[in-house]
Amino acid sequence: MSQAMQRQGVPSKAKTVAQFLIQNGRFNYSTMCYQLSDMEAKDVPLTVIIDESSMLTEEMFGALMQALRKAQRIIFVGDPNQLPPIGAGRPFVDLVRFLKKDIPDFPRVGSNYGELTITRRQKNPDGEIRPDTALAEWYANSDAELDDQIFLRLQANDCGENISFKTWSTPEELEALILQTVAEEAGMKNVDDIEGFNRSLGGTIGEYTYFNIGCAGKSESWQVLAPTRGMPHGVTNINHIIHGQYRENYTSLAKERDFWMRKIPEPFGPEGIVYGDKVINVVNKKRTAYPDDGNAIHYVANGEIGIAFSNWVKKGEPAKVRNLKLSNLKVEFSSQQGYGYDYRSGEFGEESDAILELAYALTVHKAQGSEFEKVILVISEPCGLLSKELLYTAITRQSRRLVVLYNAESYQLRNYASKEFSDIARRFTNLFEKPEIVIYKQRYYEASLIHRTLKGELVRSKSEVIIANMLFEADIPYEYEKELSLGEDGIFIPDFTIDDAESGRLIYWEHCGMMSDSHYRQRWEKKKSTYAKHGIIEGENLIVSLEAGSFDSGVIKGLINKFLS
């Protein structure tokens with residue numbers, strides 16, 4: 001139990017988080033559109049771990065708290081920077097903010113809160129920060145020293161092997177670019193290399209390419225992601241493009257007019273899923289797995305990805321065997337390798353009722369919680385779904401390589417790093433305190449989730465709010481994150497730029513908020529060295545404020561008096 005909860009009268013052993021929420025009016029039974037069960041919870045473990053907690057809606061969170069009220073310890077694991085749930089609320093974000101009160105910035109550990117500050121998925125063997133991690137930091141809610149050059153390096157394809165950037169203008173260009181990029185990332189000879197495509201999905205080359213148990217291990221080696229489903233830049237069309245390019249042969253075999261010549265089942269569902277297709281299961285359901293060796297879980301969850309296959313029927317087999325084998329499609333999922341699940345044609349109704357969908361391309365929402373070796377991210381402008389959290393989620397799915405296909409210059413992606421484009425900040429469902437709603441550029445935001453200055457702009461941190469406000473109150477004009485061109489060294493983005501009327505020169509202010517972090521400190525020293533190369537010297541025309549666990553507004557006032565008064 002946190003110190004914050006104890007201060008509000010919550011005994012550490014007598015009450016659970018759920019009881020606190022209910023008794024303090026955070027869950028109001030009379031106004032909720034759902035009801036919690038009063039049935040006694042059975043078989044509840046003493047410790048329960050809930051992964052991917054950022055996906056929890058308020059309804060899910062409430063139901064979990066009630067169902068697990070007999071547990072002695074509940075551990076929520078997740079990333080509050082990711083997309084909020086599809087549904088009401090943002091309970092995990094509220095829980096994180098509640099529990100981390102009064103915890104120092106570094107290390108971020110408390111009695112009931114811990115935060116991983118070292119990147120694991122995109123880890124470099126030498127310990128250096130990879131470019132894809134540097135890009136992701138722009139969209140995270142952290143005080144990390146951001147890499148000013150990452151967007152220019154991205155545009156110039158100067159990010160090494162971990163990121164590639166490609167531009168397109170028309171739907172026709174995008175279609176060709178998708179096929180070309182898939183061919184490159186899947187290790188194919190060229191766009192027409194169907195055997196290479198099949199190998200990338202675990203196929204075994206023979207007279208035809210065969211798929212069987214064991215093929216799903218490669219189903220997550222590469223993945224196309226996009227923000228939307230809709231045409232022409234969404235996953236529906238991308239799946240159609242890839243399926244049409246590489247599954248025409250199997251579709252012809254499946255549609256053979258002479259039943260006795262067919263080797264594989266007919267196409268399934270509105271998307272025409274056939275043998276060898278990469279698919280995603282979209283319905284939670286108990287299913288019989290084979291082989292039933294005692295270890296199979298006999299259950300397939302929404303979001304599991306795998307490869308469709310079937311028994312390859314040989315010419316001349318008895319009618320009974322042929323009918324049996326051609327009546328269903330089998331799927332092996334990457335999360336349950338070594339087991340197959342049957343899907344019958346009768347289970348596929350209209351598109352909205354599909355239980356399997358093509359999965360060469362997925363929406364970023366569906367990919368949340370997943371990991372792929374390589375990700376091909378398709379982004380189009382304009383797109384109303386683009387947000388700070390969506391881009392963070394999309395560019396943290398890969399373990400090895402990210403390829404961005406974008407119909408604008410890479411620098412435009414920097415706009416979405418602002419809280420102005422935060423989905424989370426536009427939700428007003430605080431569990432632990434009353435929301436305070438503010439207006440910014442004719443949009444509504446939760447005040448506690450944005451950092452707005454007296455001047456009316458949005459900045460990245462509370463520390464920057466304090467500096468901006470003190471400059472404003474001292475009647476010192478400034479510009480926040482104004483681009484600074486340093487010639488061959490690229491574009492830099494000082495926190496504040498001040499046009500000093502008395503001296504007739506520009507003064508730059510950088511606030512370093514995580515100096516206790518060695519990676520942060522190294523990046524700042526490199527940036528300061530580049531500044532010095534161009535005549536921007538600390539103590540002269542560069543003001544530097546430091547923060548290592550605490551913020552002293554008195555120090556800021558002293559710097560203003562020394563350099564700007």
Side-chain angles (χ1 to χ4, degrees), residues 134 137-138 142-156 158 409-412 414-415 417-420 451-515 517 520-548 550-565:
E137 285 177 343
W138 277 86
S142 76
D143 293 326
E145 176 67 25
L146 300 176
D147 183 351
D148 294 336
Q149 304 300 298
I150 189 64
F151 295 100
L152 289 175
R153 288 161 52 205
L154 190 61
Q155 183 72 35
D158 187 26
E409 291 191 355
S410 65
Y411 211 72
Q412 190 161 326
R414 179 174 167 264
N415 295 335
S418 169
K419 284 281 191 177
E420 178 183 350
H451 304 299
R452 192 169 67 158
T453 70
L454 292 174
K455 192 177 174 181
E457 65 213 336
L458 298 187
V459 296
R460 299 185 184 281
S461 68
K462 291 180 180 178
S463 300
E464 290 181 339
V465 170
I466 295 171
I467 296 170
N469 288 348
M470 293 180 77
L471 290 171
F472 184 80
E473 289 174 332
D475 201 24
I476 297 172
Y478 69 87
E479 292 184 75
Y480 178 68
E481 289 195 344
K482 181 182 179 181
E483 294 179 12
L484 170 63
S485 176
L486 295 182
E488 62 182 16
D489 287 314
I491 301 291
F492 281 70
I493 309 169
D495 292 330
F496 302 96
T497 300
I498 300 151
D499 191 348
D500 186 28
E502 275 192 24
S503 64
R505 62 177 181 167
L506 294 177
I507 296 176
Y508 305 97
W509 189 315
E510 291 279 18
H511 180 71
C512 302
M514 292 177 60
M515 291 303 285
D517 184 312
Y520 182 103
R521 192 166 56 251
Q522 289 170 12
R523 190 181 290 179
W524 162 244
E525 291 297 334
K526 183 178 179 181
K527 184 176 183 178
K528 188 168 71 168
S529 175
T530 305
Y531 275 156
K533 175 183 172 183
H534 292 270
I536 302 173
I537 310 297
E538 183 177 1
E540 296 180 11
N541 55 347
L542 175 62
I543 302 172
V544 179
S545 51
L546 306 177
E547 187 176 342
S550 62
F551 185 88
D552 188 343
S553 58
V555 171
I556 304 303
K557 186 175 181 180
L559 290 171
I560 291 174
N561 291 336
K562 181 177 180 180
F563 294 102
L564 300 173
S565 296

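Please read all numbers here as calculations on a predicted model, not as lab measurements. Residues: numbered from 1 along the sequence shown.
Considering OH of Y480 and CD1 of I493, their distance stands at 9.5 Å, rounded to 0.5 Å. Atoms CE and CG, on M470 and L454 in that order, are 11.5 Å from each other to the nearest 0.5 Å. Taken to the nearest 0.5 Å, the CD1 atom of I491 stands 7.5 Å off from the CG atom of L484. Rounded to the nearest 0.5 angstrom, E457 CD and E479 CD are separated by 9.5 Å. Note that the CG atom of D489 and the CG atom of L152 stand 11.5 Å from one another [nearest 0.5 Å]. Remark: T530 OG1 to D148 CG distance equals 9.5 Å, nearest 0.5 Å.
Note on K528 versus E510: no salt bridge recorded, every NZ/NE/NH1/NH2 to OD/OE distance being 4.0 Å or above. Salt bridge present: E488 and K533 bring a charged side-chain N and a carboxylate O closer than 4.0 Å. With salt bridges taken as basic N to acidic carboxylate O contacts below 4.0 Å, one links E481 and R414.
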Hey, mind stepping through F492 and Q149 against side-chain contact (heavy atoms from CB on, under 4.5 Å) and telling me if it holds?
CA-CA 7 Å; F492 281 70; Q149 304 300 298; 3.2 Å; yes
Could you walk me through whether I537 and L542 pass the side-chain contact (heavy atoms from CB on, under 4.5 Å) test, one step at a time?
CA-CA 5 Å; I537 310 297; L542 175 62; 5.8 Å; no
Please assess L471 against L564 for the test side-chain contact (heavy atoms from CB on, under 4.5 Å), listing each intermediate value before the final yes or no.
CA-CA 9 Å; L471 290 171; L564 300 173; 3.7 Å; yes
Walk me through it: do T453 and F472 pass the test side-chain contact (heavy atoms from CB on, under 4.5 Å)?
CA-CA 9 Å; T453 70; F472 184 80; over 6 Å; no
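Remark: the H451 side chain and the E464 side chain contain no N/O donor-acceptor pair separated by less than 3.5 Å. No side-chain donor-acceptor contact under 3.5 Å links E538 and Y531. Donor-acceptor pairing under 3.5 Å is recorded for the side chains of S463 and E547.
The shortest distance between side-chain heavy atoms of P477 and D499 does not fall below 4.5 Å. With a 4.5 Å cut-off on side-chain heavy atoms, W509 and L559 count as touching. Inter-residue side-chain proximity for S545 and V555 is flagged as unmet; no heavy-atom pair is nearer than 4.5 Å. With contacts defined as side-chain heavy-atom distances shorter than 4.5 Å, the pair I543/I507 qualifies. With contacts defined as side-chain heavy-atom distances shorter than 4.5 Å, the pair L486/I536 qualifies.
In this structure, N541 contributes its side chain and G535 its backbone to a donor-acceptor pair below 3.5 Å. E525 places no side-chain N or O within 3.5 Å of a backbone atom of R521 that could act as its donor or acceptor partner.
The two residues S565 and N561 come nearest to each other via the heavy atoms OG-CA, 3.2 Å. Here the closest non-hydrogen pair linking A468 and F496 is CB-CE2, 3.8 Å.
The side-chain contact (heavy atoms from CB on, under 4.5 Å) with I498 is formed by just one residue from the set F563, Y478, Y508; it is Y478. Residue D147 is tested with K527, R153, R523, K526 for a side-chain hydrogen bond (donor to acceptor under 3.5 Å, both in side chains); the sole match is R153.
Within 6.0 Å of CD on Q412 lie more than 12 heavy atoms contributed by other residues, nucleotides or ligands. More than 12 heavy atoms of other residues, nucleotides or ligands lie within 6.0 Å of NZ in K455, so this atom counts as buried by the packing criterion.
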